[in-house]
2 protein chains.
Amino acid sequence: MKKISKKTIERAFVYIRTLKSLLKDKEDYISSQELADILGTTDVQIRKDISYFGKVGIPGKGYEIRELETTLEKFILQKNIVRVVLFGVGNLGTALLKYPEFNKDRIKIIAAFDRDNRKIDKKINGVKIYSLKKVSSVIKKEKVDIGIIAVPKECSQNVANLIVRAGLKGIVNFAPVSIQVPDDVTVKNIDFSIEFLALFCNSNVAKAKQKNL
Amino acid sequence: MKKISKKTIERAFVYIRTLKSLLKDKEDYISSQELADILGTTDVQIRKDISYFGKVGIPGKGYEIRELETTLEKFILQKNIVRVVLFGVGNLGTALLKYPEFNKDRIKIIAAFDRDNRKIDKKINGVKIYSLKKVSSVIKKEKVDIGIIAVPKECSQNVANLIVRAGLKGIVNFAPVSIQVPDDVTVKNIDFSIEFLALFCNSNVAKAKQKNL
DNA sequence: TGGACTTCGTTAAAAATTTCACGATATTAT
DNA sequence: ATAATATCGTGAAATTTTTAACGAAGTCCA
Ligand SMILES: NC(=O)c1ccc[n+]([C@@H]2O[C@H](COP(=O)([O-])OP(=O)(O)OC[C@H]3O[C@@H](n4cnc5c(N)ncnc54)[C@H](O)[C@@H]3O)[C@@H](O)[C@H]2O)c1
Ligand SMILES: NC(=O)c1ccc[n+]([C@@H]2O[C@H](COP(=O)([O-])OP(=O)(O)OC[C@H]3O[C@@H](n4cnc5c(N)ncnc54)[C@H](O)[C@@H]3O)[C@@H](O)[C@H]2O)c1
């Protein structure tokens, strides 16, 4: 069996999300072409991706939506729930705590941590906010998978160190700085500014601007 | 001159950000290897990327930090300010309005729009919130480049339509759905759940979990 | 000043990803 | 039942991206 690429796995999650929303419709089947139209990609890309997960399509007809959805989901998540903890309950952190889609997507925020004493022991959306002293004990007890960094950028390396020391192997970093971690820890940086700037440069946006001036 | 790839442009923004933070230090020069260590990448990747922007390095010494920073910045942004408008001033939208890094990164939120009458005409962090009726007029007057979708997913296609009709060519979509737009409009989807789930699958995180069970 | 050493910039090779082309297979209509 | 049609699955080709290799160019120190 061939290894499934990162790109394919990412797209698989998009497929899953889309298929789930299609379940409500009256149609039972969808073709790679129709799915491609919805997602703005190509039918070949979709068939190629799906082929890594098995043969579930029906030539001449397409994919049974429900079957494809469960096939993909079982294959890549195996009924797991991804358990995360949040560091920093400020503007962004609070929004994350209130984001209802995480639960639907089987991502569970187990606990939050903040330095600000006024926030400690409060709950937001059912998630308790702890002092940083509790990091190690909470993480050990709760079988946490991933740590989210949503603290000011000056503190993000410190928090990353805490996360690593607690034994987590995955970090999502929203702070606009690079953090250093051991090789066996994976960091995913989400940097809004860069997304905006890159979109500006990589698309027709910049061209449109030039015309207007 | 060769075309610069999207990946290179994205990384260039990371380099710029890092170089700016290094300006405060006492060192004037940095080698590709040192920068790679900071960013968790390789020296070759960095030299390759930089080579698209010109020859600025000094063999045996490295890059002058300030010079490299200005070279990259001039090349890809040409002193532009990226002008954006926000749709949806809820949990996420409010956090975005309060995010101070956008200004530092030359991204300016010109205006926000919301459906909720109680929010209209209020200001957050100096940015005025308008009724949806004003979309077209504000966008036309203000030379906007990009629209941000931070409304509930059920409304995101509608808002996308508004954005397209107003003539914008770039959309950042935070809602966890795919939106359909004409070919000349570029959409960047930022889907937190997928980032988390993909990190979980693509890294050591899942393996660590298996061991623990 | 010269020679050892560093680090850049670039061409070539390797790896990863996407796209193409088409045979195989199920469907649908006659 | 058969022909026409639609759509899947996949090996091979094309493209893109990363990595390797190394000559060129400047640095640094004795
Ligand atoms: N606001 C946004 O929309 C946005 C967008 C992208 C990225 N970010 C980044 O996310 C991070 C948080 O942004 P924010 O707007 O929520 O900031 P914020 O100032 O509103 O919140 C920061 C929170 O972190 C807490 N904190 C500070 N130091 C801490 C530490 N060492 N350990 C634990 N908690 C600590 C503070 O008490 C506060 O509650 C920043 O790095 C920011 O650059 C924010
Ligand atoms: N909260 C998060 O951390 C988070 C994270 C990732 C993605 N998202 C996505 O971002 C979007 C917004 O999330 P949120 O948590 O801020 O939701 P929210 O409910 O707090 O805010 C939504 C806002 O949009 C406004 N609105 C509704 N329909 C509108 C319309 N047609 N035009 C303009 N404004 C409209 C509402 O009045 C409200 O102010 C959602 O699609 C959500 O899935 C949120």
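Quick caveat: nothing in here was measured; it's all calculated off a predicted structure. Chain A is the first sequence line, chain B the second, and so forth, proteins listed ahead of strands; every chain is numbered from 1.
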Quickly work out the B/K61 NZ to C/dG9 P distance and round it to whole Å.
14 Å
Can you see which heavy atom on B/A111 is nearest to which on B/Y130, and at what distance?
CB-CE1, 3.6 Å
How would you list all residue pairs meeting salt bridge (charged side-chain N to carboxylate O under 4.0 Å, His left out) that involve residues 30-45 of chain B, not counting sequence neighbours?
B/D43-B/R47
Which atom names give the shortest non-hydrogen contact between B/L168 and B/I146, and what distance separates them?
CD1-C, 3.8 Å
Approximate separation, where rounding is to 0.5 Å, of B/I65 CD1 and B/D28 CG:
7.0 Å
Below 4.0 angstrom from OP1 or OP2 of D/dT10, is there any side-chain N or O of A/K55?
yes
Just the rounded figure in Å: distance from C1' of C/dT19 to CZ of A/R11.
12 Å
Given atom CG of A/L68 and atom C1' of D/dG9, what is their separation to the nearest angstrom?
14 Å
Between P of D/dT10 and CD1 of A/I4, the distance in whole Å:
13 Å
The residue among A/V82, A/I4, A/L77, A/N80 that forms side-chain contact (heavy atoms from CB on, under 4.5 Å) with B/C201 is A/L77
Given the side-chain rings of A/F196 and B/F102, with only the six-membered ring counted for Trp, is the space between their centroids under 6.0 Å?
yes
Can you check whether A/Y63 has a side-chain N or O nearer than 4.0 Å to OP1 or OP2 of D/dA6?
no
When you get a sec, tell me which of C/dT17, D/dT10, D/dT19 is the closest nucleotide to the side chain of A/S5?
C/dT17
Counting only heavy atoms not in A/K20, do more than 12 fall under 6.0 Å of its NZ?
yes
If you assign B/K48 and B/D43 each to the DNA chain C nucleotide with the nearest heavy atom, which residue ends up on the more 5' nucleotide?
B/D43
Distance in angstrom units between B/E64 CD and C/dT7 P, rounded:
17 Å
Residue-level proximity of residues 18-40 of chain A to DNA chain C when a heavy atom falls under 4.0 Å
none
Of A/G60 and A/T42, whose closest DNA chain C nucleotide lies nearer the 5' terminus?
A/T42
Could you tell me, to 10°, how much the axis swings from one end of the helix from C/dT1-D/dA30 to C/dT30-D/dA1 to the other, five pairs per end?
20°
Rounded to whole Å, how long is the line connecting atom CG of B/D49 with atom P of C/dG9?
12 Å
Over how many whole Å does the gap from B/K3 atom NZ to D/dT15 atom C1' extend?
12 Å
Side chain of B/K7 only, please: which of D/dT17, D/dT7, C/dT27 is the nearest?
D/dT17
Measure the spacing between NZ of A/K188 and CD1 of A/I148 and express it to the nearest 0.5 Å.
14.5 Å
Please determine whether a side-chain nitrogen or oxygen atom of A/R47 lies at a distance below 4.0 Å from atom OP1 or OP2 of D/dG11.
no
Hey, do the aromatic rings of A/F174 and B/F192 have their centres closer than 6.0 Å?
yes
Below the 4.0 Å mark, does C/dT17 have OP1 or OP2 next to a side-chain nitrogen or oxygen of A/Y52?
no
Calculate the interatomic distance between B/K6 atom NZ and D/dT15 atom C1'; express it in whole Å.
15 Å
How about CG on A/D25, more than 12 heavy atoms from neighbouring residues, nucleotides or ligands closer than 6.0 Å, or not?
yes
Any base atoms under 4.0 Å from B/G57, or only sugar-phosphate, or nothing? Heavy atoms, all strands.
sugar-phosphate
